Colleague: 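The structure under discussion is supplied below as structure tokens; questions concerning it will follow.
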Amino acid sequence: MEKELLLSDAFFDPEGKRSLELRVKGININTSKKHEILEKCEILRQYSVFVDTVRKYKGEQDAIKRAMEIIDSGVDFGLFRQEILTGL
């Protein structure tokens, strides 16, 4: 699912003047949506799987910690795992 978003939609402009407009394409990267970008960008696919894992355990007290344990248990998250560990 893709959606075009306009930055100006986030602001009220009573005069209706726009000196600059930013257009972006919003892409739903949930793994269930199977967007083609997940096949082209490995780290984005890994991030999507990580988010799904956190959501799976969101009812638990330490959802992110549980997701990290799953990653450490041998599931191959490659580059995304390195980025997480670098940021901690």
Side-chain angles (χ1 to χ4, degrees):
M1 180 171 126
E2 296 181 13
K3 182 179 182 181
E4 183 177 77
L5 305 170
L6 303 176
L7 181 60
S8 61
D9 289 345
F11 301 96
F12 174 72
D13 181 7
E15 297 177 17
K17 296 180 183 177
R18 295 180 184 164
S19 56
L20 177 67
E21 180 64 83
L22 172 68
R23 292 177 186 270
V24 296
K25 183 188 294 187
I27 299 173
N28 185 337
I29 61 164
N30 289 329
T31 53
S32 62
K33 299 297 181 185
K34 299 180 181 179
H35 194 280
E36 67 183 31
I37 198 167
L38 296 177
E39 296 172 12
K40 296 177 181 178
C41 181
E42 181 62 20
I43 197 164
L44 194 55
R45 184 196 66 78
Q46 293 168 6
Y47 173 74
S48 181
V49 171
F50 175 75
V51 170
D52 280 351
T53 304
V54 171
R55 285 180 181 151
K56 180 179 178 181
Y57 294 99
K58 72 179 178 181
E60 294 184 15
Q61 190 171 14
D62 295 322
I64 293 176
K65 181 180 176 185
R66 178 68 178 125
M68 290 300 295
E69 289 170 357
I70 290 169
I71 289 171
D72 286 336
S73 72
V75 177
D76 181 22
F77 282 87
L79 293 172
F80 181 68
R81 183 178 185 281
Q82 290 172 5
E83 290 295 322
I84 291 174
L85 295 177
T86 302
L88 295 179

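The analysis underlying the following values was restricted to heavy atoms, covering all of them including side chains, and did not include hydrogens, waters or symmetry mates. Remember, predicted model here, so these are calculated numbers, not experimental data.
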Colleague: Among all residues two or more places apart in sequence or in another chain, which pass the side chain to side chain donor-acceptor pair (under 3.5 Å) test with N28?
Modeller: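 Result, side chain to side chain donor-acceptor pair (under 3.5 Å) vs N28: N30.
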Colleague: For I27, what residues pass the side-chain contact (heavy atoms from CB on, under 4.5 Å) criterion, not counting sequence neighbours?
Modeller: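 Here the qualifying residues are E2, K25, I29, H35, I37.
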Colleague: Kindly write out the residues that satisfy side chain to side chain donor-acceptor pair (under 3.5 Å) with E39, not counting sequence neighbours, or none if the list is empty.
Modeller: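 So E39 forms no side chain to side chain donor-acceptor pair (under 3.5 Å) with any residue.
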Colleague: Check salt bridge (charged side-chain N to carboxylate O under 4.0 Å, His left out) between E15 and all other residues, then give those that pass, not counting sequence neighbours.
Modeller: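 Here the qualifying residues are K17.
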Colleague: Suppose we screen for side chain to side chain donor-acceptor pair (under 3.5 Å). Which residues come up paired with K3, at least two apart in sequence or across chains?
Modeller: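 If we apply the side chain to side chain donor-acceptor pair (under 3.5 Å) test to K3, skipping adjacent residues, there are no hits.
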Colleague: To check you understand the geometry: which heavy-atom pair defines the closest contact between R45 and L38, and what is its length?
Modeller: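 The pair with the smallest heavy-atom distance is CB-O, 3.4 Å.
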Colleague: Is there a side-chain contact between E21 and L7, using heavy atoms and a 4.5 Å cut-off?
Modeller: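 A side-chain contact under 4.5 Å exists here.
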Colleague: Could you work out, with salt bridge (charged side-chain N to carboxylate O under 4.0 Å, His left out) as the rule, every residue matching K40, not counting sequence neighbours?
Modeller: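 Salt bridge (charged side-chain N to carboxylate O under 4.0 Å, His left out) list for K40, sorted by chain: E36.
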